Amino acid sequence: MSAGKPAPLKGVPAPGPASLPPALNHDERLTLERYRLAAAASNEGLYDWDLRTDRVYYADSWKALLGYAEDEIGTSPDEWLSRVDPDDLIWLQATLDAQASAGGKPFQIEYRMTHRNGHVLWMMCRGIVVLDDEGEPIRIVGAHRDVTDRKNAEEQLRLSEERYALAAQGANDGLWDWHVAPDELYCSSRWTAMLGIGGGARTSSMEDWYAQIDGEDRPRLRAAVETHIAGGSAHLEEEVRTRHAGGGELWVLIRGVAIRDESGEAIRMAGSMTDITARKRAEQQLLFDAFHDGLTRLPNRMLLLDRIGQALGRRRRPEEAQFAVMIVDIDHFKTVNDSLGPLVGDEVLCAVGQRLDDARRAGDTVARLSADEYGVLMDGVLDVKAAVDAAERLAAAVAKPLALPNGDEVVMSVTTGIALSGSGYASASDMLRDAGLAMYRAKTSGRGRVEMFDDTLRERALSRLRLESDLRHAVENQEFRLFYQPIVRLRDGAIAGFEALMRWFHPQRGLIPPSDFVHLAEETGLILKMGRWALAEGTRQLAEWQGRFSPDLFMSVNVSGRQLMEDDLVAAVTETLKAHSITPGTLKLEITESLLLDDPGRCLGIMEALKSKGVKLSLDDFGTGFSSLSYLHRYPIGTLKIDRSFVRAAGESDRRSAIARIITLLAQALDLEVIAEGIEKESEAEFLRGLHCQYGQGYHFAPPLPKEAVEDMMDGRRRGQEALAGVSALKGLPSKGQ
């Protein structure tokens, strides 16, 4: 056949006039009517191709399938063939050509045709060749049916299956298909490759698969499968461990869903298997990191608290022995870290942690709690002695010389606090807290010690917590006032200056002495803000009194260690002197000699800067610490204060009175002023006058007084001096002091 029109079939007679159908009887007409109705009901387009005349009869339904009216389609085969997709026409022509030798057998072919509006339809063409008496084809009769919807559905199904196959391949999942009744399990090649099984896809049984699952996970997987088969779950999804053929452990995610018959009985079950080993290992690592210290790899605080909680739960049973919780703190670790560097410090922390872990008993727990603190949970501790012995055993393990990477050796010691479960704890955090309180008490008593917790420690800690909270509120609400203790010239009893002393007036508890809160203010850092306020207020008051009473009055203000080393004290003093005009050299700052031991170089720089601002420095409590004569010539100190313990000894003829004598002689030799504090008796004052001590302060002269009382006293003294001067003038006598 040539393109666009079938060639004449072999043996087809030349076309002749069309013969009229003979008259039909009743039955024949009825049969013909049934055929026509059936054709109309089938929604198929009929055709009849007369091969002798090369004319085609197209039924109206045939034309309607392509969107044409009755008079828009002629009788030429081109009406048909010209509308066939060129890629499909060759197959249609080949099918029609083959009918010459088909012996009148039916044929069927599907191809695309173009609708009148331009869109493409899929047609299913069925037909049969009509032969004459000699067996030659004379007609092709058949029908067209629009199968576009089916073909589109098939294409979507193909695409969906292709996408699923690509997705499964991309996801690297193994596929499985289980026929339930015969217990036949199909496993894809990826499934077998995942488990290291050679040979590609295979068929086995579900029991064979169960046998490959880890023994602990196998019952769970079997139960999940049986539950889903019975209709107890919407789908199967389980994470289990299995074994690779090479011996390694794999974590796999098994998913599946059952296919059921009309009665709901599961006949098949299919799904996938995904290798999730990497994810499970990452989860396990995250879980480990959440409960372990990153540096030492020991358990952390959270895990220790959990194990203490479990031990407390067991302790509720009477037969369980008590246990101990210890907090072990490395002594002077900051010195090691600062002097040798943080890398060596980390080495020391790891080594100490390892030694504690090696020295613990089986079943005990060693955890790292903070930078240089470790916690120990020790089961089966009979009594206090056993707990202390265990703590000393751990301390001895730590105390062995430790070789550093640079070849040096260090010897570390630890301080330990212990809390025993026999105290009736309800929570793990309470027990760990009490062990910490015991450790802090041990630290205050000295290093390398072991302390047991008792109830007084808890009460003290609660009291301290309340006091700290109140102290913070006091700073915010300005509950502090300065009291002023006069400093007198011993030779004539005149008031030369004052020491400014901070007092706290609590709204409920009233006056709180400095001994109860200054140390806490130092620890919490609140002393910085409090100290700045005291400096500014004391200087302001000095300026007021110099203008009112005498320009020679001086004021001593105490400076804490944290103020000197952490606050910008020079800037604070500069700002204060700028705000309040006072006589140069009348502001004195009192420091303790212990400050000079911490950072001598930095202290010297700060003190020189303060001296340049016209501020005098006084060394408080001289002689009570590690006093060194080098202080007196190295640092710009102008005044020494004799501690009251030496003053009291002088009044009682104690041997320590010699120290007061030596201090005054030393000060005279170095041209330093001396102030003796704590004078309570006239005999003490008289002794100090004999030593030519310039100044004194104490209750013998006046206690610390509020501003109003000081002003009353100063006014009273001034009136007394004026009265004395008047009497002397009347008598012609020189006034006192002239």
Side-chain angles (χ1 to χ4, degrees), residues 293 298-312 315 322-334 352-353 356 360 364-379 381-395 398 412-472 512 515-526:
D293 174 55
L298 292 172
N300 61 13
R301 179 184 298 270
M302 189 179 298
L303 183 53
L304 180 64
L305 285 171
D306 179 72
R307 292 184 179 174
I308 295 173
Q310 295 179 27
L312 286 172
R315 181 73 177 82
Q322 67 177 346
F323 61 92
V325 171
M326 305 179 186
I327 289 188
V328 180
D329 183 84
I330 303 176
D331 297 330
H332 303 296
F333 174 72
K334 186 177 183 299
V352 171
L356 291 172
R360 69 174 175 85
D364 294 344
T365 299
V366 173
R368 184 179 178 219
L369 303 181
S370 62
D372 56 353
E373 281 186 1
Y374 299 83
V376 182
L377 169 62
M378 188 167 291
D379 271 326
V381 176
L382 298 179
D383 51 27
V384 172
K385 183 180 183 304
V388 172
D389 289 345
E392 291 177 346
R393 177 172 53 82
L394 294 176
V398 172
M412 307 303 299
S413 64
V414 294
T415 299
T416 306
I418 306 174
L420 286 177
S421 60
S423 300
Y425 289 100
S427 71
S429 58
D430 289 347
M431 195 169 184
L432 195 63
R433 174 205 63 204
D434 288 352
L437 292 175
M439 186 272 292
Y440 289 131
R441 182 170 69 178
K443 283 281 189 183
T444 58
S445 302
R447 306 301 171 111
R449 295 172 55 85
V450 177
E451 285 282 352
M452 297 294 303
F453 173 81
D454 56 44
D455 290 336
T456 58
L457 276 177
R458 184 184 296 121
E459 291 300 323
R460 194 179 305 163
L462 290 174
S463 176
R464 183 187 186 280
L465 184 63
R466 288 191 293 266
L467 185 63
E468 180 180 343
S469 177
D470 290 348
L471 187 60
R472 293 186 184 277
I512 299 179
S515 58
D516 288 353
F517 68 85
V518 170
H519 181 68
L520 181 59
E522 285 267 5
E523 290 183 6
T524 58
L526 293 172

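These numbers were taken from a predicted model, which means no experiment stands behind them.
- Considering all non-hydrogen atoms of both residues, Pro299 and Thr365 come closest at CG-CG2, 4.2 Å.
- With sequence neighbours left out, Lys334 forms a side-chain hydrogen bond (donor to acceptor under 3.5 Å, both in side chains) with Asp338.
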Evaluation steps, salt bridge (Lys or Arg N to Asp or Glu O under 4.0 Å), between Arg393 and Asp389: CA-CA 6 Å; Arg393 177 172 53 82; Asp389 289 345; over 6 Å; no
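- Side-chain atoms of Thr415 and Asp331 form a donor-acceptor pair, as typed in the model, at a separation below 3.5 Å.
- Proximity of a side-chain donor or acceptor of Asp364 to a complementary backbone N or O of Asp379 within less than 3.5 Å is detected.
- Nearest heavy atoms, Met439 versus Ile327: CG-O, 3.8 Å.
- The nearest pair of heavy atoms linking Leu312 to Phe323 is CD2-CZ, 3.6 Å.
- With sequence neighbours left out, the side-chain hydrogen bond (donor to acceptor under 3.5 Å, both in side chains) criterion links His332 to no other residue.
- Minimum heavy-atom separation, Ala387 to Met326: O-CE, 3.5 Å.
- When all heavy atoms of Leu420 and Met431 are compared, the pair lying nearest together is C-CE, 3.5 Å.
- You'll find the side chain of Tyr425 reaches within 4.5 Å of the side chain of Asp434, heavy atoms only.
- Qualifying ring pair (Phe, Tyr, Trp, His ring centres under 6.0 Å) partners for Tyr374, counting only residues two or more places apart in sequence or in other chains: none.
- A donor-acceptor pair under 3.5 Å links the side-chain atoms of Gln322 to the main chain of Leu382, judged by distance alone.
- Under a 3.5 Å cut-off, the side chain of Asn300 and the backbone N or O of Leu303 do form a donor-acceptor pair.
- Remark: side-chain polar atoms of Ser421 are not paired, donor with acceptor, to backbone N or O of Ala324 under 3.5 angstrom.
- Side-chain atoms of Thr444 come within 3.5 Å of backbone N or O of Arg441 as a donor-acceptor pair.
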